[in-house]
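Note that this is a predicted model, so its numbers are computed, not measured. What you see below is based on every heavy atom in this structure, not just the backbone, and it leaves out hydrogens, waters and symmetry mates.
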Amino acid sequence: MPIFSAFLWGVIFALGLGLAGMTRPGKILAFLDVGGNWDPSLMLVMGGAVGLTFTLFPRILRRKRPVLGDRFDLPVRKYVDARLVGGAAIFGIGWGLSGYCPGPAVVSLVTTDAGVWVFMACMLGGLAAGRWINARQAVRLGTLDTTAIEAVRVPGPAEGR
């Protein structure tokens, strides 16, 4: 059931990205072109996403566990550091240059657009480089930054709750 559920929600998410125009780089670039021929229609998509998140997320977290899972996995890191700001900047620059972000790019792999394959290659290369740099730093410092990978683990009923 979890695999079917993940697939179903993935298909729904992909349809939403496609219907919203997030899979069309020209639409994204027109949204980011605030000094030129600006297309503000993606503000409705972002507003809807933020509104649903602020409305539903607290309600969901009141549950003891997810409907189809035994625990919530949530990030616990509460501070902003140079790594986070740098990563966000690289993400934004990549999005602004290509018109793709990771979710819509994965959805767009079904098209014949060669640009999405270039974007995916660059994204996967960036992920590999980031992991390599983190591993080198961990070895050099003799530690592993576990705060970056920690998550809240709320035990489910099978774990003694």
Note to self: Please list all pairs meeting ring pair (Phe, Tyr, Trp, His ring centres under 6.0 Å) that have one or both residues in residues 104-130, counting only residues at least two apart or in different chains.
What the structure shows: Tyr100-Phe119
Notebook entry, point to check: What residues, two or more places apart in sequence or in another chain, satisfy side chain to side chain contact (heavy atoms under 4.5 Å, CB included) together with Ile12?
Noted result: Leu8, Trp9
Next item on the list: Would you list the pairs meeting salt bridge (Lys or Arg N to Asp or Glu O under 4.0 Å) in which at least one residue belongs to residues 88-115, sequence neighbours left out?
Entry: none
Note to self: Test question: given the 4.5 Å side-chain rule for I, L, V, M, F, W and Y, name all other residues clustered with Met43, or answer none.
What the structure shows: Phe13, Leu17, Met22, Ile28, Phe31, Leu32, Val34, Trp38, Leu42, Val45, Met46, Phe91, Trp95, Val107
Notebook entry, point to check: Where is the tightest heavy-atom contact between Arg65 and Arg71, given as atom of each residue plus distance?
Noted result: CB-N, 4.5 Å
Next item on the list: Kindly give the cluster partners of Val85, where membership spreads through any ILVMFWY side chain lying under 4.5 Å from a current member.
Entry: Val80, Leu84
Next item on the list: Could you tell me which non-hydrogen atom of Leu29 sits nearest to which non-hydrogen atom of Gly96, and how far apart they are?
Entry: CD2-O, 3.0 Å
Check: Between OG of Ser108 and CE of Met120, what distance do you get to the nearest 0.5 Å?
Finding: 10.0 Å
Margin query: Can a donor-acceptor pair be found, under 3.5 Å and without considering hydrogens, that links the side chain of Arg83 to the backbone of Gly87?
Written below: no
Next item on the list: Not counting sequence neighbours, which residues clear side chain to side chain contact (heavy atoms under 4.5 Å, CB included) with Val11? List them please.
Entry: Phe7, Leu15
Next item on the list: Starting from Ile93, walk the hydrophobic network (Ile, Leu, Val, Met, Phe, Trp, Tyr; side-chain heavy atoms closer than 4.5 Å) and list everyone else you reach, by chain and number.
Entry: Leu97
Check: Do Met123 and Leu109 belong together in a cluster built from hydrophobic side chains that touch within less than 4.5 Å?
Finding: yes
Check: Who else is in the cluster with Ile133 when I, L, V, M, F, W and Y are joined by side-chain contacts under 4.5 Å?
Finding: Trp132
Show the atom names and distances, to 0.1 Å, of all donor-acceptor pairs under 3.5 Å that link a side chain in residues 50-60 to residues at least two apart or in another chain.
unit_1, atom_1, unit_2, atom_2, d
Thr53, OG1, Ala49, O, 2.8
Thr55, OG1, Gly51, O, 2.7

Note to self: Suppose the criterion is side chain to side chain donor-acceptor pair (under 3.5 Å): which pairs have a residue in residues 14-35, not counting sequence neighbours?
What the structure shows: Lys27-Asp39, Lys27-Ser41
Margin query: Show me the pairs that pass salt bridge (Lys or Arg N to Asp or Glu O under 4.0 Å) and involve residues 99-108, at least two apart or across chains.
Written below: none
Item checked: Pair listing, salt bridge (Lys or Arg N to Asp or Glu O under 4.0 Å) test, anchored in residues 40-54, at least two apart -> none
Note to self: Ignoring hydrogens, what is the shortest heavy-atom contact between Pro25 and Ser98? Give both atom names and the distance.
What the structure shows: CB-O, 3.5 Å
